[in-house]
Amino acid sequence: MKNLKYILYSVAAVSLLYSCTPAGGNYAGKEYMPDMAHSVGFEYQSYANYSRNNWDSASVINRKFLSRPLNPAVGTIPRGYAGFSFASPEAYDSIMNILRGGNQLNAIAVPVNGKVPYHYGNTEEERIRASKDIVGNPFPISEGGLARGKELYNIYCGICHGEKGDGAGYLIRDANPAKGDPGGAYPAAPANFMLDTFYISNNGRFYHAIMYGRNVMGGYAEKLSFEERWQVIHHIRSLQATAKGLAYSSSANTLNPSFAIPAAQVKKLASVPPPPAPASGDGSGSKSKSGK
């Protein structure tokens, strides 16, 4: 019995020493509570996580949670992103040079207008509110902006809304069996920007649709930056102006002056001093008790 006790002690000691041996060769070693020393590795949008480096469904955080796409906090801007608007043609190049790190040898270039908070929700009530609140375009009408807006519109919008903005895009074309064309993918035409309802609508109607989509149209918030969305809207307005025989360019806007300011007028407007504040006692307040 005494020898058996010594044997058991020896086996326990050998087991304890073996468990403390370092990893080597094909032996990965053992760790007590490894997640306290090593972060849990996982892949975004993938369920094929490494099984030995991941908590199971019975733990505090399961694999489904770790693998799901994560969104930033509402109203936040990622570090390193910038947004600006309504810069005059003279100041635009200077601001872009600073944001792109051209003013210092060790400066870090940041994506311009990559993220700008949008304080309207994806509901019908919020769409109506945005359509009322957002009237003008924060960027002046410029030749470069119109050219960029046209390019982006033809890439992302024209295939459905048509290059002329009339809702007759390639995906809405009629079938032509004689030429082997099965027709477009959608049976109903999308929005026709040439209708008067879009002509008189504020810019918020277009911007909200770009952010969240509308009906079968998906949102383009992640495909177009802040400035690019507004340049696309500039191009839509230029299409409307062309159809109406009006001007919408860097020198004039006869479509609707409240929608955007031509770049040529920005410097002129900035040089005009603001009107003086009304003096007290000018009759704008309430009447005196003896007044009629």
Side-chain angles (χ1 to χ4, degrees), residues 44-45 65 68-87 111-141 145 148-149 152-162 165-167 169 171-172 185-241 248 253 255-261:
Y44 264 150
Q45 302 179 1
F65 177 84
R68 69 175 184 168
L70 303 177
N71 296 320
V74 177
T76 59
I77 300 177
R79 182 178 181 181
Y81 281 75
F84 75 96
S85 63
F86 208 70
V112 179
N113 295 310
K115 298 284 183 179
V116 175
Y118 184 62
H119 304 290
Y120 296 87
N122 187 16
T123 64
E124 181 63 18
E125 292 76 14
E126 289 290 272
R127 184 188 74 85
I128 296 174
R129 186 169 73 92
S131 300
K132 292 179 179 179
D133 294 349
I134 306 174
V135 179
N137 194 312
F139 291 87
I141 310 171
R148 181 61 174 155
L152 294 169
Y153 176 89
N154 290 336
I155 293 173
Y156 294 105
C157 315
I159 194 169
C160 287
H161 293 282
D166 54 3
L171 293 182
I172 318 299
Y186 297 106
N192 180 357
F193 299 139
M194 299 300 107
L195 298 178
D196 287 341
T197 180
F198 289 99
Y199 167 74
I200 63 176
S201 294
N202 292 333
N203 288 327
R205 181 173 184 177
F206 299 93
Y207 193 86
H208 193 83
I210 293 174
M211 290 296 296
Y212 293 117
R214 177 74 171 155
N215 297 326
V216 298
M217 168 186 162
Y220 286 81
E222 298 302 324
K223 299 176 179 64
L224 297 171
S225 70
F226 174 68
E227 181 178 359
E228 288 174 340
R229 298 167 204 153
W230 284 113
Q231 299 299 0
V232 168
I233 294 174
H234 271 321
H235 178 65
I236 294 174
R237 292 303 193 188
S238 69
L239 293 176
Q240 293 175 335
Y248 193 89
N253 174 14
L255 179 72
N256 189 326
S258 64
F259 288 162
I261 297 179

*Look at the aromatic rings of Tyr118 and Tyr120 and report parallel, tilted or perpendicular, splitting at 30° and 60°.*
tilted
*How many angstroms lie between atom OG1 of Thr123 and atom OH of Tyr212, to the nearest 0.5 angstrom?*
8.5 Å
_CD (Glu222) with more than 12 external heavy atoms under 6.0 Å_ = no
_Closer than 3.5 angstrom, by distance alone: can the side chain of Arg205 be matched with the main-chain N or O of Thr197 as a donor-acceptor pair?_
yes
*Can you list the residues that meet the ring-ring contact (aromatic ring centres under 6.0 Å, His included) rule with Phe193, with sequence neighbours excluded?*
His161, Phe198, Phe206
*Taking the side chain as C-beta and beyond, is there a heavy-atom pair between Phe226 and Tyr207 under 4.5 Å?*
yes
_Qualifying residue, where the test is ring-ring contact (aromatic ring centres under 6.0 Å, His included) with His234 and the options are Tyr248, Phe259, Tyr153, Phe139_ = Tyr248
*Looking only at atom types and distance, does a side-chain atom of Asn253 sit under 3.5 Å from a main-chain N or O of Asn256, one as donor and one as acceptor?*
yes
_Considering all heavy atoms, the nearest Gly167-Pro190 contact_ = O-CD, 3.5 Å
*With rounding to the nearest 0.5 Å, note down the distance linking CG in Asp196 to OG in Ser201.*
10.0 Å
*Of all residues at least two apart in sequence or in a different chain, which pass the side-chain hydrogen bond (donor to acceptor under 3.5 Å, both in side chains) check with Asn202?*
none
*Answer whether the closest heavy-atom distance between the side chains of His235 and Leu239 falls below 4.5 Å.*
yes
*Within a strict 4.5 Å, meaning less than it, do heavy atoms of the Asn203 and Val135 side chains meet?*
no
*Answer yes or no: is there a donor N or O on one side and an acceptor on the other, between the side chain of Asp166 and the main chain of Asn192, under 3.5 Å?*
no
*Heavy atoms, side chains only, cut-off 4.5 Å: are Ile233 and Ile210 in contact?*
yes
*List the steps and the verdict of side-chain contact (heavy atoms from CB on, under 4.5 Å) for Ile141 and Ile261.*
CA-CA 6 Å; Ile141 310 171; Ile261 297 179; over 6 Å; no
*To the nearest 0.5 Å, how far apart are CG in Leu255 and CD1 in Ile200?*
11.5 Å
*asked:* Taking the side chain as everything from C-beta on, heavy atoms only, tell me whether Glu227 gets closer than 4.5 Å to Arg148.
replied: no
_From CG (Asp133) to NE2 (His119), nearest 0.5 Å_ = 12.0 Å
*Contact check, side chains of Arg129 and His208, non-hydrogen atoms, under 4.5 Å*: no
_Donor-acceptor contact below 3.5 Å, side chain Gln231 vs main chain Gly149_ = no
